[in-house]
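The next block holds one structure in the form of structure tokens; read it before the comments.
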Amino acid sequence: MAVAVVASVVVPSALTGCATVMAGTPTETPSAPVEYLAPNTHSRSILPADKMLLEVAERLRRLDPCGLLPEKVIAGYGEVRQLGPQVALDTCTAVVHPSGGAKHDELNVTIDLSPAPTTEGGLDRSFGDTEVYRTTTARDNSAGCTLRFALDIPVTVTADAVPPARFATIEATQYRSDESTGNVVPVCDVAADVLSVTLARVPSLPARPTSGPGRIRLAAADPCEIVGSFAPEDLVGWQIDSDPYRCVLTPQAEGTAPQMWSIHYGLEPEFVPTEGDDTREVMFDGLTLHIRESGDSCRISAPVESVIDTNRPGAERHNWSGGRNVPAVVLTSDTPNCDELVPLTVEIADGALT
């Protein structure tokens, strides 16, 4: 695995106790010494370098990205209408209605703790020793700015290898309609304002809540857990993705060609079938699954928890999810027969919340 060498932000990784009470409410937690964490190898013999990857993924799953998104800074740009996990379990998104803007004006700010490692974009050295890479986008109805920086996740598993790099991004995007009358928001200034506060919060990054209304059980689960159910000879390979909530497996039954499976724990928009949607619903062992087959591929989504509503009371929202998303187990495969994978998907979903 190629690792980009950049100055990075140190994250104390042994974080315990209560943190946020509800999604999107940041609460500081004191720094703590790094405690030993034995990664789950699923009864497989693996190299120390791979153990480091598993440990980093486990530590990332314990962190609350909403603890790094400063609401006070974002609220300075308008009314906060949504705040909480929307895109994925390792992200936190705020949606702001800019002051003086038209009805459909929106400012979205998202922090993502695990994008794919890359140093694309221009280097911005305005944050001390932390190297920050900036990219911008401009479309007919939107303008965006993304700042990417490295998170140094300490590991306690020893190996004769460089610890895997993990990156974070802060992305700010303003959406405008034809009726927009307000001023254009300087999206890179927004991203920089958020980053300056985020970097100050990193040393006391809160852990995910382990109880109460802000708890997301799936966020603490290991997507590679199913690996232990396979006989070693039936699994060609498996690995944790750069996303700590994605596990890629290559199973191979006797006399058949190997397949490629991706198991992802994430967030899906609250399911409301639309006209022309080829997704079908299937009930199996009391669980509702959403299945989509396309050519030689299959996608099965299994919602496993209640809806997470990130809308502020009385706020309007015009996005594709409506601010209401469901934690779900998603299995994708390069096999065209989804029905054969339904029992396995239910097994994975049941194990994820155990």
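For clarity, every value in this text was computed on a predicted model and none was experimentally measured.
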Using modelled atom types only, decide if a donor and an acceptor are shared between the side chain of Arg324 and the backbone of Val307 within a distance under 3.5 Å.
no

Same hydrophobic cluster for Ile170 and Val87, using side-chain heavy-atom links shorter than 4.5 Å among ILVMFWY?
no

Decide side chain to side chain contact (heavy atoms under 4.5 Å, CB included) for Ile348 and Ile263; before the verdict, give the C-alpha distance in whole Å, the side-chain angles of both, and the deciding distance to 0.1 Å.
CA-CA 9 Å; Ile348 295 171; Ile263 299 169; 3.6 Å; yes

From Cys145 atom SG to Glu171 atom CD, the distance as rounded to the nearest 0.5 Å:
9.0 Å

Could you give me the CA-CA distance, side-chain angles and deciding distance for Glu55 and Lys51, then say whether salt bridge (Lys or Arg N to Asp or Glu O under 4.0 Å) is met?
CA-CA 6 Å; Glu55 180 183 351; Lys51 287 185 179 181; over 6 Å; no

For Glu131 and Leu123 the tightest heavy-atom approach is CB-CD1, 3.9 Å

Can Val95 and Gln86 be said to form a side chain to side chain contact (heavy atoms under 4.5 Å, CB included), step by step?
CA-CA 10 Å; Val95 178; Gln86 275 197 30; 4.1 Å; yes

Grouping I, L, V, M, F, W and Y whenever their side-chain heavy atoms are under 4.5 Å apart, do Val155 and Leu113 come out in a common cluster?
yes

Do Leu68 and Cys92 touch side chain to side chain, with heavy atoms closer than 4.5 Å?
no

For Arg208 and Leu63, indicate whether the former's side chain and the latter's backbone hold a donor-acceptor pair under 3.5 Å.
yes

Check whether any side-chain heavy atom of Ile226 sits under 4.5 Å from a side-chain heavy atom of Leu344, and report yes or no.
yes

For Pro303 against Thr288, the heavy-atom pair lying closest together:
CD-O, 3.3 Å

Closest non-hydrogen atom pair between Leu289 and Ala302, with its separation:
CD2-CB, 4.1 Å

Consider only side-chain heavy atoms of I, L, V, M, F, W and Y, link residues closer than 4.5 Å, and tell whether Ile300 and Val248 are in one cluster.
no

Same cluster for Val202 and Val109 if Ile/Leu/Val/Met/Phe/Trp/Tyr side chains link at under 4.5 Å?
yes

Test side chain to side chain contact (heavy atoms under 4.5 Å, CB included) applied to Leu54 and Asn40, step by step:
CA-CA 7 Å; Leu54 293 177; Asn40 187 352; over 6 Å; no

Does one side chain, of Gln82 or Thr93, offer a donor that lies under 3.5 Å from an acceptor on the other?
no

Just how far is it from atom OG1 of Thr198 to atom CG of Asp193, taken to the nearest 0.5 Å?
10.5 Å

Minimal heavy-atom distance between Trp238 and Thr41, with the atoms involved, is CZ2-O, 3.8 Å

Side chains of Leu69 and Val194 in contact at under 4.5 Å (non-hydrogen atoms)
yes

Using a 4.5 Å cut-off on heavy atoms from C-beta on, say whether the side chain of Val190 contacts that of Val96.
no

Of all heavy-atom pairs linking Leu341 and Cys298, the shortest is CD1-SG, 4.5 Å

Are any side-chain N or O atoms of Asp334 and backbone N or O atoms of Met260, one a donor and one an acceptor, separated by less than 3.5 Å?
yes

Looking only at non-hydrogen atoms, find the nearest pair between Leu89 and Tyr265 and report the distance.
CD1-O, 3.6 Å

How long is the straight-line distance from CD of Glu71 back to CD1 of Ile74, given to the nearest 0.5 Å?
7.5 Å

Flag if over 12 foreign heavy atoms under 6.0 Å of CZ, Arg134
no

Are any of the side-chain nitrogens in Arg292 or Glu268 under 4.0 Å away from the carboxylate oxygens of its partner?
no

Ignoring hydrogens and angles, tell me if any N or O in the side chain of Tyr245 forms a donor-acceptor pair with the backbone of Ala219 under 3.5 Å.
yes

Is a side-chain N or O of Thr156 found less than 3.5 angstrom from the main chain of Leu37, in a donor-acceptor match?
yes

Is there a donor-acceptor pair under 3.5 Å between the side chain of Glu305 and the backbone N or O of Arg217?
yes

Atom CZ of Phe167 and atom CZ of Phe149: how far apart are they, to the nearest 0.5 Å?
10.5 Å

Residue pair Glu281 / His290, side-chain heavy-atom distance below 4.5 Å
yes

For residues Thr345 and Ser301, determine if any side-chain heavy atom of one lies less than 4.5 Å from a side-chain heavy atom of the other.
no

Side-chain contact, heavy-atom cut-off 4.5 Å: Pro343 with Phe284?
yes

Between Glu293 and Arg280, is there a side-chain heavy-atom distance shorter than 4.5 Å?
yes

Side chain to side chain contact (heavy atoms under 4.5 Å, CB included) between Val329 and Leu331: does it pass, once the steps are laid out?
CA-CA 7 Å; Val329 170; Leu331 173 65; 5.7 Å; no

same_hphob_cluster(Val304, Val326) at 4.5 Å side-chain heavy-atom cutoff:
no

Would you check if there is a donor-acceptor pair between the side chains of Arg166 and Ser114 at a distance under 3.5 Å?
no

What's the separation between atom CZ in Arg148 and atom OG1 in Thr135, rounded to the nearest 0.5 Å?
7.0 Å

How long is the straight-line distance from OG of Ser294 back to CG of Asp296, given to the nearest 0.5 Å?
9.0 Å

